[in-house]
S.K.: 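Please find one structure pasted underneath; my questions will follow.
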Amino acid sequence: MTRPARAVPPWLAHALRAQRGPVPWSAVVRGALGGGPLLLAAVLAGRPTLGVVAAIGAMFAGINDRPGSRRASVGRIGGPALAGATGLVVGTYAGDHVSAVLLTLLLTGLGLVAGAVSALGPVGSSVGTQLLVGAAVGAGMPLPEPGWQRALAFLAGAGWLLLLRLALPTPGSLAGGFRFDGERNAVAGVYAAVADLLDATGTDTATARRAALTAALDHAQDALAGPRLRRYASSAAERRLHAQYAAALPLAEAATALAWAGEPVPSRASEGPRRLAAAVRGSTPTGPLPAPSRTVPALRALDDALLRAVEAFDRGDGGDLHSRRRSRTAGVRTVLGARGREYGLRVALCFGVSAALAQALHHARWYGPHEHWYWLPATAVFLVKPDLGPLASRVLSRAAGTLLGALLFAGFAAVLPRPEGLVALVAVSGALIPVAARHFAAQTAVVTVLVLALVMAGGEPQASLGRIAETLLACAVVLLVGHLPTPGQRGDAIRARLTEAAGAAQAYLDHVLGESDDRAGRWALRREAYRTLAEARAAIALASAELPPLARHADGTDETAATLELLVDTVTAGAVHLDDTGRLDPRHVRRLTELADRLGSRGDVAVRLTPGHDRAVR
């Protein structure tokens with residue numbers, strides 16, 4: 001008798017999982033041209049320590065150099081770089097002028113602020129991380145330059161890599177105007193995702209394809225939201241991309257309605273969106289589209305949307321639907337709300353305790369020379385970031401990556417000539433960061449080699465064993481603090497995301513059943529409903545993969561999110577039917593009522609059908 005195979009625990013499964021995809025050769029080239037040349041120039045000029053700080057700025061910019069549009073990278077790289085430079089100045093002057101106790105209190109306060117800001121999203125998380133790492137480096141890495149020079153060097157390094165990101169074309173992008181290649185690929189991805197959803201309609205993969213369509217729309221929305229010199233699109237190419245994105249929204253709505261119905265559609269239905277995807281990607285005419293099929297309201301909506309898309313492609317003029325319609329106070333509410341408080345407290349505790357331990361080791365005679373004590377608190381900052389995976393997975397990956405990176409560097413340091421060998425190692429490590437970003441342990445190993453090479457280039461002796469010990473100590477601190485009870489109910493951050501998603505779903509429902517003629521407003525509300533749901537599902541999946549004492553706080557939340565998602569799908573199908581017939585189908589009414597009742601019975605969140613909806617449901 002064979003024993004059933006035991007399932008791998010979710011936290012361990014996450015640690016063993018790596019992202020897949022093509023090698024980002026453009027980012028690899030930028031990484032090679034980032035910190036290495038800056039360090040070489042500083043060494044030749046006799047200012048190696050400034051080169052170290054500049055290369056650190058380029059390294060962080062390389063970590064934030066993710067796929068997307070060039071203009072969106074300005075905020076994604078530039079905002080965190082400004083925060084890192086600020087942290088360097090604060091850390092340097094505080095480390096020089098205040099006592100160890102006051103310095104620890106100051107760093108703890110910075111951790112509270114940075115943790116709360118990190119709740120805003122990926123860019124906010126990078127801002128908080130670089131602020132704290134900059135403060136730790138400024139206070140714990142004694143360098144001859146004053147704080148303002150360190151900050152300028154850090155900004156120069158980040159600015160150099162950002163300049164490479166903006167100026168260097170990607171392979172194959174010159175034909176269509178490389179300035180907007182990121183935006184073009186993102187919009188083309190939406191049309192391709194619509195086609196994939198249509199192909200999956202009526203199959204078991206339809207739900208996953210609809211989630212992939214949401215991700216593609218989110219990516220395109222972010223790509224088109226980069227900074228512009230003027231309020232409106234500044235070129236014909238940009239206006240055309242806005243039009244193409246706007247034209248994809250009704251297509252996505254019709255495809256979602258067809259997937260909700262669950263009945264297979266003609267195979268030619270997906271040919272039109274695929275041809276539109278190719279036209280966007282290659283900046284070519286759309287060409288002839290397949291003959292329409294108009295047997296049901298959703299197919300009629302799909303064909304109408306295809307015709308409007310072709311017209312929009314030809315006109316090159318569309319609505320300004322690329323930005324999220326959120327109030328100015330939404331960010332403040334997030335920072336001061338449950339998510340900001342919960343994350344801020346844990347970051348403050350981890351950063352403050354790690355800084356105190358690092359300074360105690362710095363003054364301990366038995367520990368040996370320890371002038372550069374930044375490693376322990378900086379490591380804690382990365383470990384406490386929830387967007388890098390479950391806590392146990394982060395700790396395991398960080399420990400393994402640091403061990404591997406430190407041992408690799410010890411071997412390189414024994415044979416490489418100095419300083420040219422260290423400069424080459426920095427360049428190679430910078431090139432490997434975009435590839436290693438697929439797994440936290442691999443990224444940690446590469447960054448460990450890079451930072452140890454930089455520090456040795458700046459004059460510090462080889463200290464691989466010390467870095468391993470401090471990393472393990474930081475892992476212990478973060479594991480302990482991560483499992484401590486905090487004021488309020490654990491899991492409030494997930495409930496806050498579900499509440500936000502429910503509010504967006506209610507606004508979308510009210511707009512559709514209120515029979516408004518504002519279609520652009522409807523599509524924007526639909527985008528916000530699906531986007532907030534995707535964010536909630538991601539947070540729930542992350543929490544569910546924690547160790548059991550933490551994972552239990554997410555019990556039941558996935559079912560609530562799934563119910564909300566079904567409700568938004570039903571509202572979308574109802575909106576398409578309302579456009580065609582002027583009223584909801586009885587099946588839509590029954591499903592909406594059932595889902596609203598199910599949410600009410602769970603008690604987590606509520607979405608209500610109000611008396612004002614009576615006309616649409618009759």
Side-chain angles (χ1 to χ4, degrees), residues 183-202 206 209-221 223-224 240-261 264-281 285-319 321-322 508 512 519-531 568-569 571-580:
E183 293 93 335
R184 206 162 49 241
N185 289 331
V187 174
V190 173
Y191 286 98
V194 169
D196 290 340
L197 177 56
L198 291 171
D199 286 338
T201 297
R209 294 296 186 185
R210 209 276 305 136
L213 173 58
T214 293
L217 283 162
D218 291 346
H219 181 53
Q221 192 175 43
L224 292 172
R240 186 178 302 111
L241 281 166
H242 290 167
Q244 291 166 346
Y245 170 77
L249 297 179
L251 275 173
E253 183 179 61
T256 301
L258 287 166
W260 179 88
V265 299
S267 58
R268 67 176 183 273
S270 64
E271 293 180 18
R274 288 199 196 285
R275 293 182 186 180
L276 294 179
V280 174
R281 195 170 282 114
T286 59
L289 298 180
S293 176
R294 306 176 64 83
T295 54
V296 296
L299 279 175
R300 290 193 285 273
L302 182 73
D303 290 326
D304 291 341
L306 278 172
L307 291 175
R308 288 196 296 270
V310 173
E311 293 176 1
F313 274 46
D314 292 338
R315 283 198 317 270
D317 185 20
L321 298 174
H322 58 275
Y508 180 41
V512 170
R519 298 238 181 137
R522 184 176 89 196
W523 295 328
L525 288 171
R526 176 180 175 272
R527 282 271 57 248
E528 189 64 21
Y530 276 117
R531 181 151 193 163
V568 175
D569 286 345
V571 174
T572 300
V576 172
H577 199 275
L578 271 170
D579 288 344
D580 190 73

S.K.: Do Arg210 and Tyr530 have side chains that approach each other closer than 4.5 Å (heavy atoms only, starting at C-beta)?
M.R.: yes
S.K.: With a 4.5 Å cut-off on side-chain heavy atoms, are Val265 and Leu302 touching?
M.R.: no
S.K.: Applying side-chain contact (heavy atoms from CB on, under 4.5 Å), run through Asp304 and Asp579 and close with a yes or a no.
M.R.: CA-CA 12 Å; Asp304 291 341; Asp579 288 344; over 6 Å; no
S.K.: Quick one: which of Val571, Asp569, Thr214 gives a side chain to side chain contact (heavy atoms under 4.5 Å, CB included) with Thr256?
M.R.: Asp569
S.K.: Measure the CZ-CG distance between Arg527 and Leu249 for me, rounded to the nearest 0.5 Å.
M.R.: 7.5 Å
S.K.: Would you check if Leu198 and Val194 make a side-chain contact, meaning some heavy-atom pair closer than 4.5 Å?
M.R.: yes
S.K.: What are the two closest non-hydrogen atoms of Leu213 and Ala252, and how far apart are they?
M.R.: CD2-CB, 3.9 Å
S.K.: Mind checking what makes side-chain hydrogen bond (donor to acceptor under 3.5 Å, both in side chains) contact with Arg274, not counting sequence neighbours?
M.R.: Asp196, Asp199
S.K.: Can you tell me how far the CG atom of Leu306 sits from the CG atom of Leu276, to the nearest 0.5 Å?
M.R.: 6.0 Å
S.K.: When rounded to the nearest 0.5 angstrom, what distance separates CD in Glu253 from CZ in Arg526?
M.R.: 6.0 Å
S.K.: Under 3.5 Å, is there a donor-acceptor pair between the side chain of Tyr191 and the main chain of Gln244?
M.R.: yes
S.K.: Which value, rounded to the nearest 0.5 Å, describes the distance between Glu183 atom CD and His219 atom NE2?
M.R.: 9.5 Å
S.K.: Could you report the tightest heavy-atom contact between Val280 and Arg184, atom names first, then the distance?
M.R.: O-CG, 2.8 Å
S.K.: What's the shortest heavy-atom distance between Ala279 and Pro285, and which atoms?
M.R.: CB-O, 3.9 Å
S.K.: I'd like to check Asp580 versus Val576 (side-chain heavy atoms, cut-off strictly below 4.5 Å). Are they in contact?
M.R.: no
S.K.: Could you tell me which non-hydrogen atom of Arg209 sits nearest to which non-hydrogen atom of Ala200, and how far apart they are?
M.R.: CG-CB, 3.5 Å
S.K.: Show the nearest heavy-atom pair for residues Ala248 and Val190, with the distance to one decimal.
M.R.: CB-CG1, 3.7 Å
S.K.: Does His577 have any side-chain hydrogen bond (donor to acceptor under 3.5 Å, both in side chains) partners at least two apart in sequence or in another chain, and if so, which?
M.R.: Thr581
S.K.: Tell me the closest heavy-atom pair linking Ala216 and Ala193, and the distance in Å.
M.R.: CB-CB, 4.0 Å
